[in-house]
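Note that these values count all heavy atoms, side chains included, but never hydrogens, waters or copies made by symmetry. Naming convention: chains lettered A, B, ... in sequence-line order (proteins, then strands); numbering from 1 in each chain.
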Protein chains: 2
Amino acid sequence: MTRSSRTVPAATPPVPGHRTDEVRRVAGQLFADSGYSATTMTDIADAVGILPGSLYHHFTSKEEIAVEILTELDQEISALATRTSAALATLPGGPEERIRYVAQEVTALSVRSRAALRLYAYEAPTVATERFRSALKLQAPALEKVWKRATDGLVPPAAAAPGDLGLLRFALHHLTLNAALNIPGRQDSSEIARMICDLLLDGLVTHCPDDRDLDGSEVMRAAREAMAEWPALHEPAGSGSRDDIVAAARIEFARRGYSATTIRDVAEAAGVRMGTLYRRVSSKEDILREILSNYTSSMDRALRTVLTAGDSAAASLDAFALVFVHGKRRFRQESDIVKFSARGRNDMSGPFHEYFDQTQNRLRLLEELLRDAASPGGPVRQIAPPSQVGPHIRTVAWLPYQDFGRAGAPRTHAFLRRSLLRGFLGAAS
Amino acid sequence: MTRSSRTVPAATPPVPGHRTDEVRRVAGQLFADSGYSATTMTDIADAVGILPGSLYHHFTSKEEIAVEILTELDQEISALATRTSAALATLPGGPEERIRYVAQEVTALSVRSRAALRLYAYEAPTVATERFRSALKLQAPALEKVWKRATDGLVPPAAAAPGDLGLLRFALHHLTLNAALNIPGRQDSSEIARMICDLLLDGLVTHCPDDRDLDGSEVMRAAREAMAEWPALHEPAGSGSRDDIVAAARIEFARRGYSATTIRDVAEAAGVRMGTLYRRVSSKEDILREILSNYTSSMDRALRTVLTAGDSAAASLDAFALVFVHGKRRFRQESDIVKFSARGRNDMSGPFHEYFDQTQNRLRLLEELLRDAASPGGPVRQIAPPSQVGPHIRTVAWLPYQDFGRAGAPRTHAFLRRSLLRGFLGAAS
DNA sequence: GTCTATATATCGATAGAC
DNA sequence: GTCTATCGATATATAGAC
């Protein structure tokens with residue numbers, strides 16, 4: 001009876017603490033959908049069916065709800081690390097089996113703990129109090145050690161650069177742990193894990209051209225041209241101009257998230273008063289729109305080029321990866337801003353909606369490319385239907401590889417060729 | 001043009017910070033009238049004529065307003081201590097002139113800073129945050145040193161007990177600093193100071209009986225009898241009974257004030273749950289009523305006895321002082337509770353109102369006694385009209401002398417005879 | 001400097017399940 | 001009879017927008 005399986009929910013289950021659990025669960029769902037700061041106590045109370053003030057019988061504060069959710073996740077990760085680490089010691093099979101095993105486990109955890117992960121991954125640490133922040137310190141190191149153990153026996157092909165193994169671990173760790181966030185659909189967790197591993201270990205392309213051909217491809221040239229036209233980064237100069245305000249807002253939004261950043265924060269960061277700010281921009285959303293439209297149009301031009309250019313599928317995918325690697329660096333702030341944004345009910349009316357629309361459109365293009373190239377015997381391996389693989393490819397290429405130690409753009413791109421295109425375990429080429 | 005000097009205040013003075021000052025001033029007035037916790041931001045905003053949220057343009061919190069007011073008082077006291085200390089060094093005249101000078105100065109400060117003093121004296125330190133609490137640490141020691149200097153040359157009459165000088169300083173300090181709080185009327189500050197000094201230094205009674213006569217008077221016997229009937233103090237026993245709840249509430253109300261104490265605080269202190277509490281008492285006010293009615297009836301019986309008994313005026317006043325000295329000890333908590341209470345708009349509807357009504361009635365009795373005895377050549381000196389002297393006598397006898405070091409009830413009563421009855425400077429007798 | 005709207009939180013009191 | 005969960009009112013405070 002410890003876990004009341006949903007056999008018979010009974011008429012009105014009067015289990016003590018039942019309502020408290022319900023509040024935590026409902027709140028977690030709302031946090032996951034809309035983000036912490038965009039979810040109000042009134043939202044939670046409405047969803048539970050009580051008045052806002054009544055929530056305080058169960059929790060002393062909104063923050064406490066989040067902290068409890070995070071603590072639970074923390075413990076689950078620790079437990080999983082211990083468990084999988086022990087299992088690895090006796091697991092039969094080679095490195096590939098070990099990797100697939102850990103991927104399965106972590107992905108399952110991710111899907112199980114989607115709400116908590118959203119809280120962890122998307123909420124800006126700077127808005128939180130000390131208590132919140134310390135709860136946000138995830139037990140990631142324990143998991144990373146597990147990945148180390150799982151991949152230790154892996155001998156990279158001769159052609160791989162020496163450090164690629166580190167990037168592989170980095171990718172596996174982030175892709176599996178955040179699987180539930182990156183892949184919004186209702187896919188089965190083991191299916192997700194399989195695709196991640198297939199993509200990284202086996203690669204997408206059956207007969208991949210060599211580096212020289214890829215580097216010299218027409219689509220690659222077009223990609224470089226498109227990226228060269230990305231506007232220069234506007235650094236706030238303290239002039240208080242409209243551009244300054246937008247540039248300052250870009251930093252602040254990336255730091256705390258759009259909804260948690262106040263226009264007073266922006267005004268202060270830009271060194272202007274509220275009156276001045278409102279003479280230069282018409283609203284907070286106006287600023288966001290400007291930031292995101294610049295971001296979207298830059299990425300859109302480059303990606304439409306590589307996804308629709310007539311070259312080979314392999315060359316297109318390679319150029320796609322290059323644009324992503326550079327885009328993730330050039331638009332790091334923008335990437336954070338949209339990451340913080342809620343995919344739920346709120347926020348999504350304005351500029352965020354347009355942005356996500358555009359990314360969906362581009363995803364469709366990627367899927368078309370896969371569909372065209374994945375016919376039996378075609379240049380692209382059939383890992384799963386394009387509509388399922390597409391998001392994974394995008395996610396693999398969009399990881400924040402710059403966070404991994406000494407990985408510059410060229411090395412990151414080389415890693416993506418090595419894994420995403422050719423497969424990390426694939427024959428050297 | 002950097003600082004628009006206030007050359008032309010124009011029709012509506014647009015002085016920067018003007019509104020902020022107004023808010024502070026208005027808030028101070030409301031705090032003084034109703035107490036800090038009973039004054040809401042909405043009250044303040046209404047009084048200023050703006051919306052509650054707009055107050056936060058001027059102050060970051062309600063607390064900040066109070067802290068600023070307290071800080072200003074603190075600085076005023078420091079400045080006054082420095083100034084009067086220096087003036088004492090060159091002041092001609094004897095100890096009496098020195099005392100009267102300092103009393104004048106401090107009383108004037110008290111009247112000037114009534115709002116801040118109310119905040120200091122009446123708000124319970126336990127409800128406040130650390131910041132509030134530290135602002136509440138008044139610069140009293142500096143003032144006490146001044147009183148020491150002023151009274152240093154004073155040679156007590158031979159008959160005075162050795163330590164009475166300390167109690168005299170204690171009384172002077174508290175009476176003058178809190179003059180504006182104790183004497184609610186519109187009396188002139190120098191008039192107040194004069195009465196305080198007259199009372200303490202010259203005394204009320206022209207020809208005072210000696211100790212033996214006073215101790216053996218009929219009214220004194222009646223007073224002792226009445227006090228013997230005061231109910232025993234009920235200590236909370238942890239039984240959760242109604243008496244326990246009331247006893248616990250008495251402590252809590254005294255600690256924090258009635259309005260700042262929540263019913264949950266009371267329940268916790270009494271060791272019962274809310275459900276139980278509400279089966280034993282009908283409301284928070286119900287508890288207060290019980291506490292205060294017991295207090296009032298006890299004091300009332302004893303005081304009506306001494307104020308209306310047929311003995312001499314001197315004996316009555318002496319017995320009155322004795323009842324006050326013991327009452328202040330026996331009902332220390334009750335005394336604190338009503339001290340915290342607002343004399344303003346709120347609170348005053350319920351039990352507090354009844355309590356203050358009763359004290360007013362008793363004050364009338366005291367005044368009658370004075371009127372009867374203060375005819376020219378009568379036994380009581382004519383310091384001022386009875387309606388003015390009455391409150392001062394009450395205040396002198398009601399000081400928390402138990403806070404002064406080693407002063408027990410007998411010694412305190414002896415001090416009141418020595419000062420209030422006979423005059424501290426009066427001929428020995 | 002102010003408004004409007006709304007957020008989080010507290011508190012007195014009670015209904016209703018055990 | 002006791003206690004949990006809840007309500008209704010209202011407090012302090014924040015935020016976007018002039």
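Nucleotide C:dA15 holds its P atom 19 Å from the CZ atom of A:Arg19, rounded to whole Å. Between B:Ile245 atom CD1 and D:dC3 atom P there is a gap of 11 Å when expressed in whole angstrom units. Separating the CG atom of B:Asp43 from the P atom of D:dT10 is a distance of 12 Å, rounded to the nearest angstrom. Rounded to an integer number of Å, the gap from NE2 of B:His57 to C1' of D:dC18 is 14 Å. What separates CG of B:Leu277 from C1' of C:dC11 is a distance of 13 Å, to the nearest Å. One can place CZ of B:Arg279 at 5 Å from P of D:dT2, the figure rounded to the nearest angstrom. The distance between atom CG of A:Leu51 and atom P of D:dT4, rounded to the nearest whole Å, is 20 Å. Straight-line distance from the NZ atom of A:Lys62 to the P atom of C:dT10: 15 Å, rounded to whole Å.
Nearest nucleotide to the side chain of A:Thr262, out of D:dT4, D:dT12, D:dA15: D:dA15. Closest to the B:Met41 side chain, of the nucleotides D:dT12, D:dC3, C:dA13, is D:dT12.
Using a 4.0 Å cut-off between charged nitrogen and carboxylate oxygen, B:Arg250 and B:Asp243 do not count as a salt-bridge pair.
Nearer the 5' end of DNA chain C, as judged by each residue's closest nucleotide, is the contact made by A:Met274, out of B:Ile263 and A:Met274. Where B:Tyr56 and A:Gly275 meet DNA chain D, the nucleotide closest to each residue was compared, and B:Tyr56 sits on the side nearer the 5' end. Where A:Arg264 and B:Val272 each meet DNA chain D at their nearest nucleotide, the meeting point lying more 5' is that of B:Val272. When each of B:Ser54 and B:Tyr278 is assigned the nucleotide of DNA chain C bearing its nearest heavy atom, the one mapping closer to the 5' terminus is B:Ser54.
Between A:Met41 and A:Leu55, the shortest heavy-atom distance links the atoms O-CD1, 3.2 Å. What you find for A:Ala47 and A:Leu30 is that their closest heavy atoms are CB-CD1, 4.1 Å.
Side-chain nitrogen and oxygen atoms of A:His18 include none within less than 4.0 Å of the OP1 or OP2 phosphate oxygen of D:dA5.
A donor-acceptor contact closer than 3.5 angstrom links the side chains of B:Thr262 and B:Asp265.
Using cut-offs of 30° and 60° for the angle between ring planes, the A:Tyr355 and A:Tyr295 rings count as parallel.
Among the atoms of the strands shown, base atoms are found under 4.0 Å from some heavy atom of B:Gly53. Note on B:Ile50: only backbone sugar-phosphate atoms sit closer than 4.0 angstrom, heavy atoms only; bases stay farther off. Residue B:Thr40 is classed as a sugar-phosphate contact, given heavy-atom separations below 4.0 Å to backbone atoms only.
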